[in-house]
Amino acid sequence: MEFLVSAADMIFTLPAVLAIVGGTLLGVAIGVLPGLGPAVGVSLALPLTLGLDQVPAIAMLLGIYAGSIYGGSVTAILINTPGTPASAASCLDGYPMTLRGEAGRALGIAAVASVFGGLFSVAILAMFAPRLAAWALNFGPAEMLALAVFALTCIAAVSQGSMIKGLMGGVIGLFISVIGQDTFTGQVRYDFGIFELSAGLSLVPVLVGLFALSEVFTRLGGGYGAITTATAAGFKMPSFGEFRRLTPTFLKGGVIGTILGILPGIGPTAASFVSYAEARRASKQPETFGKGSPQGLSASESANNAVTGAALVPTLALGVPGDPITAILLGALVIKDIVPGPRLFLQHADTVAALYIVLIVINLLILPIAAGFSGVWRRILALPEALLMAMVVVLVTVGIYTLNNSVLDLVTTFVAGVVGYLLRRAGFPLAPIIIGFVLGGMVEENLRMGMIVFEGDWTEFFTHPISAVLFALSVILLARPLYSGLGQRLLSARKASRG
Amino acid sequence: MSKGLKTLLAGAALLLVWGALAAYTAQMSLPSLGGGIAYDPLFVPQLLIGAGIVLAIILMVQGIRPLLAGIRIADEEPQKTGRILFVIVAVGLYFAAMPVLGFPLSSAVFLLVFAFALGYRKPVGLVATAILGPLVIWYVFTAGLEAPLPAWPSF
């Protein structure tokens with residue numbers, strides 16, 4: 001009980017309240033702008049949080065994260081363009097509702113569904129993360145290495161593009177993490193004679209370059225986007241009867257989003273489509289889906305927001321981020337001297353409790369923001385892309401430079417931006433690079449620690465039950481293209497023999 | 001450029017990078033503390049370089065196969081080369097100029113040139129953004145967040 005009082009003390013301060021409200025509002029606005037998703041938003045805001053205390057800093061980033069996932073649905077509903085990929089499924093029924101003249105009702109349903117999904121996942125986070133962390137306290141080097149390998153494999157396996165490209169991204173990220181001083185021997189590696197590199201590369205410049213700057217290059221390289229016009233829309237809360245009818249869908253979407261959100265690499269986009277498909281399958285009127293069904297919209301919106309809390313379960317409990325956004329949050333926590341992992345719940349119980357409360361407040365805030373600012377989104381959508389992207393570059397520059405007043409950080413960001421752009425163009429997913437970079441220290445430390453503890457016998461890594469299961473799952477995931485190809489060949493052979 | 005060719009070129013470029021890193025690693029002489037490979041600071045980097053080379057070769061094979069079979073999958077989002085070169089060079093110059101020219105001046109010039117060159121033609125909006133944008137950001141960072149930014153040209 002004491003830590004709850006302490007948590008409340010941390011939250012109900014002016015900077016924390018401003019960070020929660022400002023972050024959520026900014027997040028929704030970022031989500032509304034097509035192309036600027038939660039990863040870009042959170043990475044842009046990270047430097048801004050460096051001057052803030054622990055709770056306001058994390059609250060601001062969490063507000064942007066959860067807010068932008070909801071914000072993406074606004075454009076999906078109003079102009080049939082998802083603000084973030086997570087809201088792509090919301091176009092299917094949200095936009096037809098707008099065409100029917102029910103934009104306000106659709107925005108209301110999306111907001112309520114988002115709040116429902118978000119709150120559900122916070123409850124799961126609060127219930128399961130401490131238990132998972134307590135269980136993981138017994139993990140040794142073999143289990144920790146297996147966990148990191150499993151997370152990386154998951155992310156590479158479900159990445160867009162080929163799995164090989166995803167794996168290559170992971171290896172690149174892991175290699176970036178070995179630049180600088182070796183923690184075991186104190187030797188400096190891969191500094192290429194540049195003194196500043198002896199301390200290694202910082203996460204923030206790499207991240208901002210890879211996500212924010214490469215996004216600017218990709219968007220502007222593709223041609224100047226036309227000014228988008230959206231119809232004016234109000235906001236209409238669902239009636240009590242409609243809320244009651246949609247509650248089972250909200251709940252099911254929340255469950256699906258939470259389960260898929262806990263697994264590394266799946267993310268809100270897949271969760272919303274799975275939830276949508278399940279709602280359609282279970283519906284008594286599946287023919288209305290795709291034609292403006294409130295049930296379809298509720299399913300996708302509750303699921304994608306449920307991912308936000310769920311993705312924090314492995315991040316906080318194990319120190320293993322499931323996607324780039326939680327990787328940024330993990331980096332932000334470390335910068336603020338909060339090290340995620342099994343010991344977090346013992347050492348910072350009050351801070352963790354404060355984060356739960358912050359998440360609840362953020363999810364509740366989405367509703368008044370959605371209702372109060374529905375007229376503003378149209379103006380935001382009319383912002384010219386050239387001006388918007390130029391401002392993003394200026395914000396990137398100022399944010400990165402003020403980290404350490406370092407020119408090297410600017411160079412790192414620029415190089416990461418160009419490399420990120422080239423990798424995007426070649427079809428490489430960027431998420432595995434960041435996850436590899438974040439998990440690099442954990443992988444190297446536990447691999448080498450294990451080799452020392454097991455006296456050089458590497459087979460020991462595979463004989464511990466938990467690590468054996470995780471390594472086996474990683475192999476199954478890696479071999480997926482082989483057996484899915486074999487399955488397809490068997491299927492076509494059977495069809496040919498029948499024909 | 002087809003997807004196959006793009007994958008082949010990406011694989012070849014990455015093979016070159018990993019190969020260069022392998023050569024660089026081979027000439028590094030970092031004393032290990034003894035007691036097995038776990039104490040070798042180059043143990044993990046060498047593993048990663050090996051994995052990188054193998055994956056780059058697989059990528060090249062993946063890229064060659066559709067080319068040999070005559071399958072051509074077009075690029076989904078074609079980019080304008082001149083425009084992207086301008087964007088990258090402009091951002092690079094701005095990054096280089098900011099610490100020297102100061103934040104307000106370099107940002108004002110950048111915003112003006114960048115947005116105009118990319119098609120934004122409203123003079124009032126352009127000038128207002130170029131002047132007010134950097135000043136507001138500069139004030140928020142220096143006064144609000146107490147994060148110093150280079151104010152004026154340093155020469």
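If you're wondering where the values come from, they're calculated on a predicted model, not measured in any experiment. We name chains A, B, ... by the order of the sequence lines, and we start the count at 1 in each one.
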Could you go step by step and tell me if A/Phe217 and B/Val91 meet the side-chain contact (heavy atoms from CB on, under 4.5 Å) rule? CA-CA 9 Å; A/Phe217 294 158; B/Val91 171; 3.8 Å; yes
Just how far is it from atom [atom1] of [X] to atom [atom2] of [Y], taken to the nearest 0.5 Å?
X        : Y        : atom1 : atom2 : answer
A/Phe175 : B/Leu21  : CZ    : CG    : 4.5 Å
B/Asp40  : A/Asp182 : CG    : CG    : 8.5 Å
A/Arg425 : B/Ile84  : CZ    : CD1   : 8.5 Å
A/Glu385 : B/Leu118 : CD    : CG    : 9.0 Å
B/Ile58  : A/Ile164 : CD1   : CD1   : 4.5 Å
A/Leu388 : B/Thr129 : CG    : OG1   : 11.0 Å

Heavy-atom neighbours of B/Met60 CE exceed 12 at 6.0 Å: yes
More than 12 heavy atoms of other groups within 6.0 Å of A/Asp53 CG: no
Minimal non-hydrogen separation, [X] against [Y], with atom names:
X        : Y        : result
A/Pro384 : B/Tyr120 : CG-CE1, 3.2 Å
A/Ala386 : B/Ala115 : CB-O, 4.0 Å
B/Leu48  : A/Val171 : O-CG1, 3.5 Å

Checking [X] against chain A: side chain, backbone, both or neither under 4.5 Å from a heavy atom?
X        : value
B/Leu14  : side chain
B/Ile137 : side chain
B/Ala117 : neither
B/Trp18  : side chain

[X] portion near chain B, given a 4.5 angstrom heavy-atom threshold:
X        : answer
A/Leu410 : both
A/Val188 : backbone
A/Val418 : side chain
A/Val407 : side chain
A/Leu213 : side chain

Count the heavy-atom pairs under 4.5 Å between each of B/Ile49, B/Val140, B/Leu47 and chain A, then report the option with the highest count. B/Ile49
Which one, B/Thr81, B/Thr25, B/Leu85, leads in non-hydrogen pairs under 4.5 Å with chain A? B/Thr25
4.5 Å side-chain heavy-atom contact, [X] and [Y]:
X        : Y        : answer
A/Leu387 : B/Phe116 : no
B/Phe114 : A/Leu220 : yes
B/Phe110 : A/Thr397 : no

Please state whether the rings of B/Tyr39 and A/Phe184 are parallel, tilted or perpendicular, taking 30° and 60° as the class boundaries. perpendicular
Give the ring-plane orientation class for A/Phe192 versus B/Tyr24, where under 30° counts as parallel, over 60° as perpendicular and anything between as tilted. tilted
The test is side-chain contact (heavy atoms from CB on, under 4.5 Å); show your working for B/Met28 and A/Tyr190 and say whether it passes. CA-CA 9 Å; B/Met28 282 169 88; A/Tyr190 303 99; 4.0 Å; yes
Taking the six-membered ring for Trp and the single ring otherwise, decide whether the centroids of A/Tyr401 and B/Phe95 are under 6.0 Å apart. no
Greatest number of non-hydrogen atom pairs under 4.5 angstrom with chain B, of A/Thr413, A/Val178, A/Val398, A/Leu422, falls to A/Val398
Polar side-chain atom of A/Arg189 near backbone of B/Pro41 as donor-acceptor pair, under 3.5 Å: yes
